Amino acid sequence: MTLTLPDGRDVRPGKILCIGRNYAAHVAEMGDVSEAEPVVFLKPTTALVADGGEVVLPRQSEDVHHELELVAVVGTPGRHIDEASALGHVAAYALGLDLTARDVQAQAKSKKGPWSIAKGFDTFAPLGPLTDAAEVPDPQALEIALAIDGHERQRGTTDHMVFSVARIVSFLSSVFTLEPGDLIYTGTPEGVGPVRDGERLHATGTGLAPLTVTARRERAS
Ligand code: MN
């Protein structure tokens with residue numbers, strides 16, 4: 001996928017960085033505990049699907065969940081970015097979905113193994129159209145919502161994040177060089193649940209372009 005940043009640059013996302021357990025109510029619904037530092041995992045770029053696209057529910061899972069998330073798009077590269085200047089490295093924001101094969105993830109958790117498969121299937125990272133960061137004065141003051149076939153499933157406000165976007169950008173840059181086009185999925189509020197064949201997922205957020213995708217079950221070939 002190629003993204004056009006608000007300044008006109010065309011970039012190919014090099015990495016998809018994701019934060020887990022970033023809203024207390026979601027941490028509680030998963031039976032997890034909050035961490036002192038952000039929980040980080042990655043998705044491959046083959047997980048990306050654009051607005052209007054199709055999410056494929058893979059054969060390996062009977063329980064794919066939606067996680068509605070605010071996505072920050074890196075515009076200015078950096079390493080060891082301090083929190084005070086972190087938002088200056090974000091070129092755009094978007095709505096995204098961190099799709100998760102919950103049954104596969106539960107198996108991985110029980111074996112204390114990584115989440116790469118549960119989080120990384122093709123089409124498991126829908127990404128909405130980009131909104132210029134200049135039009136988002138405070139990323140911690142956004143209300144985001146997800147409806148499935150017209151029924152609201154998730155609603156949250158980004159001021160409930162455990163780790164702010166600035167803190168996340170700073171933290172991630174202490175490990176990974178952030179590059180233009182890198183995508184940061186910032187965690188989901190409560191209300192995660194299953195996605196079924198044929199359902200239409202519609203995400204909205206304050207001042208953000210909406211995101212719509214349709215789910216389709218993968219058939220045996
Ligand atoms: Mn997530």
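Indexing begins at 1, ligand by ligand and atom by atom, following the structure's order. Keep in mind that what you see is a predicted model, and the values were worked out from it rather than measured.
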So which N/O/S atom does [X] have closest to the Mn ion (ligand 1)?
{"X": "E67", "answer": "OE1"}
{"X": "D98", "answer": "OD2"}
{"X": "E69", "answer": "OE2"}

Shortest non-hydrogen contact from P139 toward Y93: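 The pair with the smallest heavy-atom distance is CG-OH, 3.4 Å.
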If hydrophobic clusters are built from ILVMFWY residues whose side chains come within less than 4.5 Å, do V40 and I168 share one? yes
Grouping I, L, V, M, F, W and Y whenever their side-chain heavy atoms are under 4.5 Å apart, do L68 and V27 come out in a common cluster? no
Does the side chain of Q154 come under 3.5 Å of the side chain of T188 through a donor N or O and an acceptor N or O? yes
